[in-house]
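Letters A, B, ... mirror the listed sequences (proteins, then strands); counts begin at 1.
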Amino acid sequence: MAYSEQVMDHFMNPRNVGEISEASGIGEAGSPKCGDVMRFSLQMKEGVVRDARFKTFGCGAALATSRMATGIVKGATVEGAVKVANQAVAEVLGGQPAVKMHCSVLAEEALEAALTDYFKKQGEPEDKVIQLKKAAGIQVRRHNHGDEGHSC
Amino acid sequence: MKTVYVDNNATTRVDPKVLREMEPYFCDLYGNPSSMHHFGGQVAGAVKRARQQVAEIIGADPSEIVFTSCGTESDNAAIWGTLHSYPQKHHIVTTRVEHPAVLTLCNHLMKQGHSVTELPVNHEGLLDLDQLRDAITPYTAVVSIMWANNETGVIFPVEEIAEIVKEKGSVFHCDAVQAVGKIPIDMKKNKIDMLSLSGHKLHAPKGVGALYIRKGTRFTPFFIGGHQEHNRRGGTESVPSIIGLGKACELALAYMDEEKTRVKALRDRLEAGLLANIPNALLNGHQTHRLPNTSSLSFEYIEGEGILLLMSREGIAASSGSACTSGSLEPSHVLRAMGVPFTGAHGSIRFSLSRFNTDDEVDYILEKIPPIISRLRELSPFWKRRNRSAAFQ
């Protein structure tokens, strides 16, 4: 198995594990069928991500990506967190087999879902994340994840 | 770091006695067995002896053994060759749990216009023989069913299957790559027409296998070339490997009792220890209709690759039916065919032992694995809320 040292380090020393009680936003992506599910919870204060935690069912790359993504958004503004496109994670995962790149897409989706949950609780529109992404010029991706019949 | 190798269904260590037997055939006795001169002729004598050794482990006549490059070639030669021998028949019967050497070939043949029936298995990995009987038609050229499954070790009643296939007038090929050397096989006592075996699964080197072709069975060669192997497989014989395969078969026959006693006892102790000390761990496959060396366990709520990576840090080498280890995103087709839920399939680990494993190694695995499982479960979103997770079915 040929994971880079960096990925192995993220995998071996997973920080940011857990679920925040009374989180400002919780989001999940993936499906058990595909072998990976990421659940992110965020603690927001005055428009800044104070804490980000994950629980992930998945391979080494999925666990490493979860730690990277939660690490990157900590301390970021809401707008900044939105900009954590999967590319940031993908670059760190660079050189991994193509099939693993889907883990970075999954991290982006879990983050989006958590932010969407936060916005909903704030009374903001449900597509606020998409709006912010479009405003920042970030490509909005959708990848079929989930039910029977869908590819992973 | 020490290595504890429990991935013997993937490949095995070459027995040092096998290597010693092979050594003279590289730099000293390197003649071509087909040559007229004595220098080559003496090599032909050694190949003949190896053929006898291979024949003996399966109770065959040496003339029924064709050396090949691997198990996959043997499977391809048997299925493809039989279809060519019976051009009026276009149907193949196999199972959903075959090795890719058979399943991928069948998919390929289907695209070329053949029809394929893949028989299902039950939750213990067993076939329904009535379904098999019903599946065979007058147009069935070949039925290809494995002796023992590589992932779960589940053994099919291939001798009984052979009776059914012959009664229905078709040819029966059996992929016995995982069975030869682990359980007794006697071709004199069954009606199997063709049988594949592979060297590197029984402590011979990689790159050599054999196909048993029962006397009187129609066969069209897959490798077309010289007159080697009595015109059944062209290409200069891979002499050192063939010598190695012969010696490995001789040794495997001698160690057969050890396989079903000491190796089985090690496997049983490993399996019982893991199941007793790890909650939500399940055995995949039938408890007793199983190879003595194999144990496939599912550790629910976590993913196999993570387990393998952490095991690997402790020097333990095994394999997983999880998607991430197969290069695709689908978990093991064998476990899915048995109806193992996705999360169990993704979290499956196969331990496969050999006569080189020891009691100390089993102790070491029993000590190292439970903390690895708990550690990964701490990261899993399903572990603590498992009781109310409907997504997990």
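For the atom pair NZ of A/K55 and CH2 of B/W383, the computed distance is 10.5 Å after rounding to the nearest 0.5 Å. For the atom pair CG of B/L310 and CE of A/M12, the computed distance is 5.0 Å after rounding to the nearest 0.5 Å. One finds the OG atom of B/S380 at 11.0 Å from the CZ atom of A/R39 (value rounded to the nearest 0.5 Å). A distance of 11.5 Å separates CG in A/N16 from CG in B/L379, rounded to the nearest 0.5 Å. To the nearest 0.5 Å, atoms CZ (B/F342) and OG (A/S31) are separated by 7.5 Å. The structure places NE2 of B/H346 at 7.5 Å from CG of A/D36, a figure rounded to the nearest 0.5 Å.
Closest approach of A/V17 to B/E378, counting heavy atoms only: CG1-O, 3.8 Å. The shortest heavy-atom contact between B/L309 and A/F11 is CB-CE2, 3.6 Å.
B/E305 contributes a side-chain N or O that, together with a main-chain N or O of A/G60, makes up a donor-acceptor pair within less than 3.5 Å.
Taking a 6.0 Å sphere around NZ of A/K45, one finds it holds 12 or fewer heavy atoms contributed by other residues, nucleotides or ligands. No more than 12 heavy-atom neighbours from other residues, nucleotides or ligands sit within 6.0 angstrom of CD on A/E5.
Residues B/E303 and A/L63 fail the side-chain proximity criterion, which asks for heavy atoms closer than 4.5 Å.
At a 4.5 Å heavy-atom cutoff, B/I307 makes no contact with chain A through either its backbone or its side chain. Neither the backbone nor the side chain of A/M38 has a heavy atom closer than 4.5 Å to any heavy atom of chain B.
Listed by chain and residue number, nothing satisfies the side-chain hydrogen bond (donor to acceptor under 3.5 Å, both in side chains) test with B/K368 (two or more places apart in sequence, or in another chain).
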